[in-house]
Asker: 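Could you have a look at this structure, given as structure tokens, before my questions?
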Amino acid sequence: MEGVSLQEPATARSSAEIVEAIRGLSAADWVRLKKVAAYYARPAVPAQDLLQEAFVRALDGSRVCPAHVDAVRFLAEAIRSIADGEQEKADRRPALVSIEGGSGAATAMSVPDPAQSVESRIVQAEQDARMRADLLALFEDDSAAKDIVEGTMEGMTAEDLRELTGLDRTAYDSKRKLIRRRIDKRYPEGWQP
């Protein structure tokens, strides 16, 4: 049939759209992304490297940005994911530990026990992901509250969260009360896995 496309509508941003989104980042967007990168930075993976790697992966298509997702949110999630991946690699590396004190101490390899730590980490990661999804779902109708909840789970400070959301102290405090009331109402006995 002429004029009817059998292809599905584009569901991911193209490289050109990613470039355009990056070029269109506001000063506040840059501040947010740099803060996210700084939060997830580790000695082995500095913040600037995380930020750069997120851009590279977005541009080369190894990380796909859904068309309906805000570019800043996508890049922030990419930074978090890259940092988690790097941390997992670091956790699996054998570590040299001293078996005697002193500067001339002998060293030995300490290989992490993959059987125990992987299982417990998987269980914990699944519980964390479920709790995170459940809590964020409570605030689908309120983007500022959702950003505050998400930022709090990521360890951002109140000052960072006010800057991120653009709320003044009073509005921020009111939003925190709303968040607490909504969570208390939904989970009166606390969140259960």
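All values below come from the heavy atoms of this structure, side chains included, with hydrogens, waters and symmetry mates left out. Index from 1, following the sequence.
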Asker: Are the side chains of Leu167 and Ile148 in touch, meaning some heavy atoms are under 4.5 Å apart?
Answerer: yes

Asker: Output the distance between atom CD1 (Ile79) and atom CD (Glu53), rounded to the nearest 0.5 Å.
Answerer: 11.0 Å

Asker: To the nearest 0.5 Å, what is the distance between CD1 on Ile22 and CG on Leu33?
Answerer: 9.0 Å

Asker: Have a look at Asp147 and tell me which of Leu161, Asp142, Thr165 forms a side-chain contact (heavy atoms from CB on, under 4.5 Å) with it.
Answerer: Thr165

Asker: Distance alone, cut at 3.5 Å: any donor-acceptor contact between the side chains of Asp29 and Ser26?
Answerer: yes

Asker: Same hydrophobic cluster for Val19 and Leu51, using side-chain heavy-atom links shorter than 4.5 Å among ILVMFWY?
Answerer: yes

Asker: Could you report the tightest heavy-atom contact between Ile18 and Cys65, atom names first, then the distance?
Answerer: CD1-CB, 3.7 Å

Asker: For a quick check under 3.5 Å, do Ser62 and Asp60 share a side-chain donor-acceptor pair by atom type?
Answerer: yes

Asker: Which atom pair, heavy atoms only, marks the closest approach of Ala145 to Ile179?
Answerer: O-CD1, 3.7 Å

Asker: To the nearest 0.5 Å, what is the distance between CD1 on Ile82 and CZ on Arg63?
Answerer: 6.0 Å

Asker: Rounded to the nearest 0.5 Å, what separates atom OG in Ser81 from atom CD in Glu86?
Answerer: 10.0 Å

Asker: So which pairs with a foot in residues 45-64 pass ring-ring contact (aromatic ring centres under 6.0 Å, His included), sequence neighbours left out?
Answerer: Trp30-Phe55

Asker: Are Val45 and Val56 linked, directly or through other ILVMFWY residues, by side chains that come within less than 4.5 angstrom of each other?
Answerer: no

Asker: Hey, does Arg176 have a side-chain heavy atom less than 4.5 Å from the side chain of Thr152?
Answerer: yes

Asker: Is any side-chain heavy atom of Phe139 closer than 4.5 Å to a side-chain heavy atom of Ile183?
Answerer: yes

Asker: Of the non-hydrogen atoms in Arg186 and Leu138, which two are nearest, and what is the gap between them?
Answerer: CG-CD2, 3.6 Å

Asker: For Ala158, enumerate each residue passing the side chain to side chain contact (heavy atoms under 4.5 Å, CB included) test, keeping only those at least two apart in sequence or located in another chain.
Answerer: Arg162, Tyr172

Asker: May I have the step-by-step check of side-chain contact (heavy atoms from CB on, under 4.5 Å) for Leu164 and Lys35, ending in yes or no?
Answerer: CA-CA 9 Å; Leu164 172 70; Lys35 286 190 173 194; over 6 Å; no

Asker: Is the number of heavy atoms from other residues, nucleotides or ligands within 6.0 Å of NZ (Lys34) greater than 12?
Answerer: no

Asker: Side chains of Lys177 and Arg180, heavy atoms from C-beta outward: is any pair under 4.5 Å?
Answerer: yes

Asker: Does a sphere of radius 6.0 Å around CD in Glu20 hold more than 12 heavy atoms from other residues, nucleotides or ligands, not counting ones at 6.0 Å or beyond?
Answerer: no

Asker: Measure the spacing between CG of Leu50 and CG of Leu75 and express it to the nearest 0.5 Å.
Answerer: 12.5 Å

Asker: Provide the closest heavy-atom pair for Ala21 versus Arg13 in the form atom of the first, atom of the second, distance.
Answerer: CB-NH1, 3.8 Å

Asker: Looking at CD of Glu150 and CZ of Arg80, how far apart are the two atoms once the value is rounded to the nearest 0.5 Å?
Answerer: 9.0 Å

Asker: Which heavy atom in Glu17 sits nearest to a heavy atom in Ala12, and how many Å separate them?
Answerer: OE1-O, 4.0 Å

Asker: Going hydrophobic residue to hydrophobic residue with side-chain gaps under 4.5 angstrom, can you get from Leu25 over to Val31?
Answerer: no

Asker: For Ala41 and Pro46, work out which heavy atoms get closest and say how close.
Answerer: CB-C, 4.0 Å

Asker: Show every side chain to side chain donor-acceptor pair (under 3.5 Å) that has at least one partner inside residues 41-52, sequence neighbours left out.
Answerer: Arg42-Gln87

